[in-house]
2 protein chains.
Amino acid sequence: MATIRDVAKRAGVAPITVSRVVNNSGYVSDKTRIRVEQAIEELGYIPNMLGPSLRFKQTNTLALILTDITNPFWTTVARGAEDAASESQYNLILCNTDESEEKQNQYTQMLLRRQTDGILLVPASSTPQAVELLQRQKVPTVILDRRVPGVEIDEVRSDSEVGGYLATRHLVEMEHRHVALLTGPENVSTAKDRADGFCRALNEFHLGCPPEFIQWGKFTQESGYEATKRLLQFDPRPTALVAGNNFIAIGAMTALNEAGYRVPEDMAIVAFDDLPVALTIEPFFTVVVQPAYEMGYQATQLLISRLAGEHEEGCTKIILSPELVIRRSTGA
Amino acid sequence: MATIRDVAKRAGVAPITVSRVVNNSGYVSDKTRIRVEQAIEELGYIPNMLGPSLRFKQTNTLALILTDITNPFWTTVARGAEDAASESQYNLILCNTDESEEKQNQYTQMLLRRQTDGILLVPASSTPQAVELLQRQKVPTVILDRRVPGVEIDEVRSDSEVGGYLATRHLVEMEHRHVALLTGPENVSTAKDRADGFCRALNEFHLGCPPEFIQWGKFTQESGYEATKRLLQFDPRPTALVAGNNFIAIGAMTALNEAGYRVPEDMAIVAFDDLPVALTIEPFFTVVVQPAYEMGYQATQLLISRLAGEHEEGCTKIILSPELVIRRSTGA
DNA sequence: GCATATCATGGTACCCATAACATATATGCT
DNA sequence: AGCATATATGTTATGGGTACCATGATATGC
């Protein structure tokens, strides 16, 4: 409500003097400072950021566009991003696309209209539209977790190919000969990369990689459920599953329970992404753990260093290593 | 990058004409419109919201300040809020306080500096500071889920007292005579209200409400774990637990498993807040379901109707009803 | 005693989009 | 023809904070 001019009038000074008091910049005598502080107190003055933001083209705002805010994996990423942002006095806006490209493009537009300083993007798909728009508008952007082929841009992700490989190799080493993969959409790089790692491991052991054992779908529980029901029809049926994320793994479990299959006796499962401790009574799934918090934190640090104008040349790719944690769902 | 003036120059018109084309307002001839649209296209012009926001004191932004973004209950609330906001062309900023009053006050300040149009607040505690600041600055605010005593303000919440009552009565009806409550901090109204409902049910059956059977703590897994370990020392030990939220319930389960107690045979549990389907293999906990999505959605609608200047008089309290869903953790 | 540095305060312009008002032409109707 | 209305475009002022520059007062140095 109250503006810097109201405060200035009340304290009998010029607006710029109030500004100096508020920002502790330049010279102000103690006598004046006290008068100004009193006026601020009396009027309940809170500076309006929009003025300076408009003038100096800096909003101190970053945005994280992610695909599913109900998935603990992403809220953990968001935590990391949030922490890194607030350490550098940036505020973070969270945008949830529900894996929809349309929503993603809407949010991108909105964030540009708001003059967001920088953007962390988890692309809903491999199409480069949104990224190209951001680059054209010269808004520093870091791509998180997923690749967008054909664009030169900063990236922070975990190595999904290696993750897929580790998961699959573990199952093969547990003597499984028919391993299937339940994963996300083919046009999402992490789904694709996990499939590549899956095939690499199978080929390494000369087991081949039958296409019907790779079930493309969505990163949802329903998708995992449906894909598992399909796989159970096959002959020979798979004896082990690699689930492309935590939700898919849950869906697979539900389908297996319904059909009377026990895990790990009748079917082993490795899942991507651990469930948070706060939500698990006792950890059951063997998982490929991706460093979610780290990913958010490092991506944000990278983005902020770009905004500070550091290391201009080229673009940076940070690839974090996933880790296999063996638990009961693979019979260990 | 490009401003409305750049577009105007390129199209050979005045800035206001570009504005009219962009906003589809006022009269523009087809010939001019086409020239302007072409210039917009060529320059990749995206309007800068900050100008109008500054001028008209409207940012089309709402904020949801919540206490724990990793809890699916709150992300569901956020979903509801997000949906209601975008239906009315508002954008929603998510702020996570981690139950810390300091963080809450920091965010409140920040949102005021950003001229946020309205605020949805889940208060970290019962102290009225933040709410009073918001009221003083005349920013329309709706309090979500928790009460703040002593302030007149719009509220949307579910009836925690009734929830506590339903949970406890169910346990008593299952012949439990020693029922304990694990809940959050005493200065959070939902924790307090759940305890009140808990006592009401016990008193109704003349079972009394021993204070040591009410374990105040935090809404976290660790807190539930610790409190359960304490309760297991008591003689007579409780045979049934009411967990103040989903995280506490998980912590209790962990402690019980470790100590070799089976649920529901040795200990029955009713929890507040269901776990999302996508995260549960098969629902196990008997729960008091609170309408999370509804709460976010209705609170946001209420806030938006305030912003539109509707029904000025007094303040509105919307109290939603919780529902008991009986499952295996109480032996049903 | 005067030059120079330090301290203290203020005026003006600027960022961008658009409401409000002004102007000008074209069309319709009696 | 003459007036009212519709169509089309433009000018100016506005909002809040602060960088930049200007000015004046006081202190310090030699």
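Given the structure is predicted, the values throughout are model-derived calculations rather than measurements. Convention: sequence-line order gives letters A, B, ...; per-chain numbering from 1.
Among the atoms of the strands shown, only primed sugar atoms or phosphate atoms (P, OP1, OP2) are found under 4.0 Å from some heavy atom of B:V13. No contact: B:V22 has no heavy atom under 4.0 Å from any strand. If you check every strand for non-hydrogen atoms under 4.0 Å, A:V28 touches sugar and phosphate atoms only. Base engagement by B:P15 is indicated by at least one non-hydrogen atom pair under 4.0 Å involving a base atom. Within the nucleic acid shown, A:S53 has no heavy atom closer than 4.0 Å to any nucleic acid atom.
Side chain A:R55 to base D:dG16: no donor-acceptor pair is found below 3.5 Å. For B:R20 against D:dG10, a side-chain-to-base donor-acceptor contact under 3.5 Å is present.
Spacing between atom CG of A:N24 and atom P of D:dT18 amounts to 13 Å, rounded to whole angstrom units. Residue A:Y27 contributes atom OH, which lies 16 Å from atom P of D:dA19 at whole-angstrom precision. If you take CG of B:L112 and P of D:dG16, they are 15 Å apart, rounded to a whole angstrom. Between A:Y45 atom OH and D:dG16 atom C1' the separation is 7 Å, expressed in whole Å. The separation between B:I16 atom CD1 and D:dA13 atom C1' is 12 Å, rounded to whole Å. A:L54 places its CG atom 14 Å from the P atom of D:dA19, with the value rounded to the nearest Å. Straight-line distance from the CE atom of A:M49 to the P atom of D:dT18: 11 Å, rounded to whole Å. Between A:K57 atom NZ and D:dT18 atom P there is a gap of 17 Å when expressed in whole angstrom units.
A donor-acceptor pair shorter than 3.5 Å can be found between the side chains of B:S158 and B:Q290.
In this structure, the side chain of A:T116 engages the main chain of A:L111 through a donor-acceptor pair within 3.5 Å. Counting only distance, with no hydrogens or angles, the side chain of A:D145 and the backbone of A:V122 share no donor-acceptor pair below 3.5 Å. A donor-acceptor pair under 3.5 Å links the side-chain atoms of B:N23 to the main chain of B:S19, judged by distance alone.
For DNA chain C, the span of nucleotides reached by chain B at under 4.0 Å from its heavy atoms goes, 5' to 3', from C:dC16 to C:dA19.
The local environment of NZ in A:K103 is crowded, with over 12 non-hydrogen atoms from other residues, nucleotides or ligands closer than 6.0 Å.
B:L112 is listed as a side-chain neighbour of B:L133, based on a closest heavy-atom distance under 4.5 Å. A 4.5 Å side-chain heavy-atom check between B:T3 and B:N48 finds every atom pair outside the cut-off.
Side-chain proximity of A:R5 to D:dG17, D:dT18, D:dT9: nearest is D:dG17. Out of D:dT9, D:dG15, D:dG10, the shortest distance to the side chain of B:S29 is found at D:dT9. In this structure, the nucleotide among D:dA8, D:dG10, D:dG17 sitting nearest to the side chain of A:N48 is D:dG17.
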- Before giving the answer on salt bridge (charged side-chain N to carboxylate O under 4.0 Å, His left out), spell out for A:K218 and A:D68 the whole-Å C-alpha distance, their side-chain angles and the decisive distance to 0.1 Å. CA-CA 12 Å; A:K218 296 184 193 169; A:D68 187 357; over 6 Å; no

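Toward the 5' end of DNA chain D, the nearer of the two residues B:T32 and B:L50, judged by each one's closest nucleotide, is B:T32.
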